[in-house]
Amino acid sequence: MGLPADRRSRRALLSGLGLLALAAVAVAVSLNTGTISLSPAAVWRTLAGGGTAEESLILFQYRLPRILVTMLAGIGLGVAGAVFQGASRNSLADPGLLGINAGAALGLIVFVSFFRTMDGPVSLLIPAFAFIGGTAAAVLVFLLSYERGRGLLPIQLILTGISIEAGLSAMTLFLSLRLDPDTYAFTARWLAGSVWGRDWIHVWTLLPWIAVLVPCIYMASRTLDSFSFGDDLAKGLGSRVGRSRLLLLAAAVALSCASAAMAGGIGFIGLAAPHIARQLAGPRHRHFLPLTALVGLVILVCADTIGRSLFQPSPVPAGVVAAALGGPYFLYLLFRPKK
Amino acid sequence: MLKKAVPFLSLLLAFILLTACGQNAANEPASSPSPSASPAAAGRIASMSIHITNNLLALGLTPAGSVVGGDVKDFLPHVKDRLEGVQKLGVVTEPDMEAVLALKPDSIFIDETYSGPDLAKFEQIAPTVSINPDKGTWKDHLRELAGHVGRQQQAEDFILDYDKQKDEVGALIKSRLGADAKVMAVRMTAKELRVMGMKRPVGPLLYDDLGLQPADGVEKIDKAYEVISQEVLPDFDADAILVIVSKGSEAKKNYGLLESNPLWKSLKAVQNKHVYVLDGQKWLDYSSLGHKMALDDAAKLFAE
């Protein structure tokens, strides 16, 4: 890893361009995929505004919103994972480990168990409940791993996260056993990570979170880097460790909760995307954070496209596809030849 | 590097194959819709509810496309043979909008409970009629539907036939069980034992249409069903028990366990051999056709 800084930047830039091309291909393929086949030419024509009424309906009402939600959620989950890993100095941290997915799932279950008759648009109530559940779980984990005078303790964070997650999952399981089969089927799909937000309203709800928080986190790249030296050294370098860690983690929690609310409990991306990006661009956040966002986007878009096209008529949730593709990847990481 | 890549790729392949398992069976080519579709008067119909599909069948119409049952991911077993060549449009909770669009229907019928919020989306494809299953009985739903497709006469004929048959079957059951026999219907699922209450799908059919006497306490279950524990079965003091066993091996196993339970064996209905296992799908299908098939099932069970 002893590359000079400018070479590393160039490498990050090149990988970034490569990933951007890959993302463009993934999105294009995804736009072409569906029950009705549209030729790539027809897709372009329609995007440019020249399609038939039917083509515009398919593209703008059915496919585009879902793909945009998938892209945004992929970015959100990937970047949030990178922040969790950086701020907790644990390369195995991901939103799932901090109890966020479990909290979001509990929020969903609480909604379908007790609040189904509540007035209001269901399409927004579900994300709201999932978001609140995830945030509440994260706040609980933070409170329990906060020690006066020393701030948030990284290792404590992970351990507390795991136990809170176990507790929340148990409650979710208990409540889900009492659901009727139809509701249970929906919930089970959600828990497995199915992109269910498919309307423009979901795009507009998710977009602000990603558009505001991701740039903020990127601007804090240097702070994230400094965490890796350990708290004492970071303090010596001028970081206000406790406060900035809390702010960054809060931003990451908001990102992953917003993403999970639209795309369900997809666990794998927050873990894998930062790892892949670091392999491509080295350990500095300034370099690998943008790549993480792109990798997250590519994984989730591919997983969702595969899940909904290959397995008709009962589409497989994107989370399942991502995990099925990701499991072997991690085995590969474990067993690959050490340099 | 390459050597390591081989086991990695084979693992990957294994995972993909595993996830694909069990999904392939139901694959259906997205072919052109059925040639036996409905006559010109009603046009090509897309039915977004399995109950509306069955009501259409009762009117002698075959929809061009229909959603499938969420549980079986296919058309319901008791009407499957009548829906050959009909385009599958996904599950009611997750309709395949592109398939609906590809069908180019002249009209779409949706279930207000499930698809009501998406009415505008369906309207973009074709004129859409929303039917509220919580308003009125299946007869009202059938008449409403018939009005939209211009088949009022068929609806009245169907209802007339049904009313005649229900009186016959009701009399048949009473001749077997005695005029004041108290009846209950239970359903064994993979998770629990349920007593079917006074509300649809089963209650109105048994206690209104067939005129049977609900067993003690059943009349208080003012909903579709209530989950009970096996110990309270004797409290219902039923003269006859109708049993629905849910799909799947778990439910079947549970019913086997119940049957060998001494408590069950000591029930009045069991001792007098008045336990009848129903063809569940027909009884749980709250549609005109489902009800008619349930009557046929009852006639067969009690004729023996």
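Proteins come first, then strands; the chains are lettered A, B, ... in the order of their sequence lines, and each starts at number 1. None of the values given here were measured: they were computed from a predicted structure.
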Assess the residue pair B:M97 and A:Q61 against the criterion (side-chain contact (heavy atoms from CB on, under 4.5 Å)); give the C-alpha distance rounded to whole Å, side-chain angles, the decisive distance to 0.1 Å, and a yes or no. CA-CA 10 Å; B:M97 295 302 287; A:Q61 295 304 319; over 6 Å; no

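Contacts between A:L57 and chain B at a heavy-atom distance below 4.5 Å involve the side chain alone, from C-beta outward. Heavy-atom distances place both the backbone and the side chain of A:E54 under 4.5 Å from chain B. If you measure heavy-atom distances from B:E192 to chain A, you find no contacts under 4.5 Å at all.
Shown here is A:W200, whose CH2 atom has more than 12 heavy atoms of other residues, nucleotides or ligands within 6.0 Å.
For the pairing with B:E98, the salt bridge (charged side-chain N to carboxylate O under 4.0 Å, His left out) check across A:R308, A:R63, A:R66 returns one residue only, A:R63. Checking each of B:D96, B:V100, B:L103, B:L89 against A:T35 for a side chain to side chain contact (heavy atoms under 4.5 Å, CB included) leaves exactly one that passes, namely B:D96.
Taking every heavy atom of both residues into account, A:Y62 and B:K121 meet most closely at OH-O, 4.5 Å. Between A:L177 and B:K191, the shortest heavy-atom contact is O-NZ, 2.9 Å.
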